[in-house]
Amino acid sequence: MSHDAVPGGAPQALPISGLPNPGAQGEGSSSEESTKTESTLPATASETSPDNPWPLQLLSRKLKTHIERAPAAWIEGQVIELNRRGGSAFVTLRDTDAEISLPASLWSNVLDRQKMPLERGSRVVALVKPEFWLKTGRLNMSIKDIRPVGLGDLLARIERLRQALGAEGLFSDSRKKRLPLLPHRIGLITGRDSDAKKDVLRNAALRWPAVEFAVREVAVQGVTAVSQILAALKELDADPHVDVIVIARGGGALEDLLPFSNEDLVRAVSAAATPVVSAIGHEADHPILDDVADLRASTPTDAAKRIVPDVVEELARVRQAREQLRRGVGRLVDRETDRLHALRSRPVLASPEVMVKMREDDVERLRKHAHTAVSSAVIRALDQVHHLRAQVRALSPQKTLDRGYAVVQVAGADGVGHDVVRSPDQAPDGTELTLRLAEGRLAAVSSGAPAAAGQPSKHQQ
């Protein structure tokens, strides 16, 4: 396909693109003439001025050279417009996850190579290259090749993404958060007035009438689904009153469930602080969201059953627990009553005075034993005192006097004896003496020492 002409057709124009007039032939000679004067013009755009501007054709040629230097690229999108005009065709591709579209042109023979004709709504990958139409100054995206994306391609792409995210650890059980036992408020992200919404609300209310919901109705398929689901997830995750978030949608074709395998959505669910439950489609449906969610429910109804307990079952469990508690308390009381009876039947409790009587007899016996021991000790001590007193008295000077002895003392001036006379030299003749007897005293005068045997005393002479 030439850059400036569509065979057999007049010049075409699109909002940002069109095909040029096939009769534009003298362009080469015009370029040659312009090149001759180009040396007098500014070399770069920054050197232009009101007094020395570029000709429009020079700018157009430079833009054409710059744009067509860009390489071709494969892009993916959905065909939303398809028009054939002779040997050429015009299509509009829209991004699969955002409200962004791109017009493009291609030769009809590119479409004719397809085994299945392209239709509006087809998901395709296309090799596009930008082209600049010099005559009209328009940018055109030329499709060099286009291929439909089949079911097998989508499945393979999802599986590659699943494996890549799994290798990062996003599906690890250690990252999954435990759901609350009894959530007070549940965030629900679902389609507008969908059966999935009704199933979750109805079944949750039947199981636990007091449960509250914060519902966010969003598009669950199409190009705006991912952005709306992400916005609702962010809003509910930031609400401190929401205990768990449920993303629910009914069944559908693989193409309809593609938003729930979007990488941005999967990573957002993995990063959410609030537990997230995935309830997408039926049991056979398995988007990547199921792997990263903290709990995967097979259906929206199953999600309602798994996030809230059944009030009937809980009341039955309460009754059962109360009955078990009553039986346990009854067994405990019966067991302790038997223990009390056993304790009361023991002799020490049946006749407690026996123990007191036994101790009374022991005390009396010990008292008598102590009295006897003390009495014996006192008697022995009394005998010892008498013996010691007899010994003391036997050694007393009074006892000596009682036996007829007397104590001779030299009488002093006051008539009282002082020094005890132990030898005759202490009492020469004429010395006044005092004799201390067993009972009283006597006065005497010493006549000196007696004469030796056979010699007369002084008085005898």
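These numbers were taken from a predicted model, which means no experiment stands behind them.
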Which heavy atom in [X] sits nearest to a heavy atom in [Y], and how many Å separate them?
X: S101; Y: T92; result: CB-CG2, 4.0 Å
X: T274; Y: D294; result: O-OD2, 4.1 Å
X: I75; Y: L93; result: CD1-CD1, 4.0 Å
X: P130; Y: L139; result: CB-CD1, 4.3 Å
X: L257; Y: G250; result: CD2-O, 4.2 Å
X: A279; Y: V246; result: CB-CG1, 4.4 Å

Are R335 and D338 close enough, and set up right, to give a salt bridge (charged side-chain N to carboxylate O under 4.0 Å, His left out), and what steps lead you there? CA-CA 5 Å; R335 185 168 60 252; D338 294 340; over 6 Å; no
Which residue pairs pass the salt bridge (charged side-chain N to carboxylate O under 4.0 Å, His left out) test with at least one member in [range], sequence neighbours excluded?
range: residues 201-226; answer: R185-E212, K197-E217, D199-R202, R216-E235
range: residues 307-321; answer: E313-R317, E314-R317
range: residues 366-378; answer: E364-R367

Output side-chain donor-acceptor pairs under 3.5 Å for residues 119-128, partner residues at least two apart or in another chain, one line each.
unit_1	atom_1	unit_2	atom_2	d
S122	OG	E119	N	3.2
S122	OG	E119	O	2.8
R123	NE	E76	OE2	2.7
R123	NH2	E76	OE2	3.2

Report the C-alpha separation of S46 and T44 in whole Å, then their side-chain angles, then the decisive distance to 0.1 Å, and conclude whether the side chain to side chain donor-acceptor pair (under 3.5 Å) test is met. CA-CA 5 Å; S46 61; T44 62; 3.1 Å; yes
Are the charged groups of D290 and R162 less than 4.0 angstrom apart, N to O? no
From [X] atom [atom1] to [Y] atom [atom2], the distance as rounded to the nearest 0.5 Å:
X: L106; Y: F90; atom1: CG; atom2: CZ; answer: 9.0 Å
X: F213; Y: L188; atom1: CZ; atom2: CG; answer: 6.0 Å
X: K305; Y: S298; atom1: NZ; atom2: OG; answer: 9.0 Å
X: R322; Y: L315; atom1: CZ; atom2: CG; answer: 10.5 Å
X: N52; Y: T40; atom1: CG; atom2: OG1; answer: 7.5 Å
X: I158; Y: L161; atom1: CD1; atom2: CG; answer: 8.5 Å

If we ignore hydrogens and angles and just use 3.5 Å, is the side chain of [X] paired with the main-chain N or O of [Y] as donor and acceptor?
X: D302; Y: A297; answer: no
X: S108; Y: G87; answer: yes
X: R94; Y: I80; answer: no
X: T190; Y: A248; answer: yes
X: W54; Y: P42; answer: yes

Can you tell me if K176 has over 12 outside heavy atoms packed within less than 6.0 Å of its NZ?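 Yes, enclosed.
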More than 12 heavy atoms from other groups under 6.0 Å of NZ on K177: yes
Without placing hydrogens or testing angles, list every side-chain donor-acceptor pair under 3.5 Å for residues 259-269, not counting sequence neighbours.
unit_1	atom_1	unit_2	atom_2	d
S261	OG	I288	N	3.2
N262	OD1	D264	N	2.8
N262	OD1	L265	N	3.2
N262	ND2	D97	OD2	3.0
E263	OE2	R267	NE	3.1
E263	OE2	R267	NH2	3.1
R267	NH1	E168	OE1	2.9
R267	NH2	E168	OE1	3.2
R267	NH2	E168	OE2	2.7

Under the side-chain hydrogen bond (donor to acceptor under 3.5 Å, both in side chains) test, residues paired with S270 that sit two or more places apart: R175
Can you name the side-chain hydrogen bond (donor to acceptor under 3.5 Å, both in side chains) partners of R160, sequence neighbours left out? none
List the residues meeting side-chain contact (heavy atoms from CB on, under 4.5 Å) with R327, not counting sequence neighbours, and say none if there are none.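 Counting only residues at least two positions away or on another chain, R327 forms a side-chain contact (heavy atoms from CB on, under 4.5 Å) with E323, Q324, R331.
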Sequence neighbours excluded, the answer for side-chain contact (heavy atoms from CB on, under 4.5 Å) partners of D243 is P180, P183, H184
Side-chain polar contacts of residues 387-395 - donor-acceptor pairs under 3.5 angstrom, sequence neighbours left out - could you list them?
unit_1	atom_1	unit_2	atom_2	d
H387	NE2	Q391	NE2	2.7

Audit row: V277, L179, side chain to side chain contact (heavy atoms under 4.5 Å, CB included) steps and yes/no: CA-CA 9 Å; V277 177; L179 268 63; 3.7 Å; yes
Using the rule given for side chain to side chain contact (heavy atoms under 4.5 Å, CB included), can you reason through D362 versus R359, listing the C-alpha separation, both sets of side-chain angles and the distance that settles it, and then say yes or no? CA-CA 5 Å; D362 292 342; R359 296 297 179 264; 3.8 Å; yes
D145 meets the salt bridge (charged side-chain N to carboxylate O under 4.0 Å, His left out) criterion, sequence neighbours left out, with R113, R147
Please tell me if the side chains of [X] and [Y] come closer than 4.5 Å, counting only heavy atoms from C-beta onward.
X: P209; Y: V311; result: yes
X: L111; Y: L82; result: yes
X: I189; Y: L236; result: yes
X: P309; Y: W208; result: yes
X: Q114; Y: P148; result: yes

Pairs of donor and acceptor atoms involving the side chains of residues 373-386, under 3.5 Å and at least two apart or interchain, shall be tabulated with distances.
unit_1	atom_1	unit_2	atom_2	d
S375	OG	H371	O	2.8
S376	OG	T372	O	2.9

Does the side chain of S174 come under 3.5 Å of the side chain of S172 through a donor N or O and an acceptor N or O?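 Their side chains do contain a donor-acceptor pair, which is all the 3.5 Å distance test asks for.
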Please determine whether side chain to side chain contact (heavy atoms under 4.5 Å, CB included) holds for the pair I307 and V211, giving the CA-CA distance in whole Å, both sets of side-chain angles, and the decisive distance to 0.1 Å. CA-CA 10 Å; I307 58 178; V211 69; over 6 Å; no
Given E131, which partner from the list K144, K64, R138 fulfils the salt bridge (Lys or Arg N to Asp or Glu O under 4.0 Å) test?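 Single pass found, and it is K144.
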Could you go step by step and tell me if H286 and D291 meet the side chain to side chain contact (heavy atoms under 4.5 Å, CB included) rule? CA-CA 8 Å; H286 189 197; D291 297 321; 2.9 Å; yes
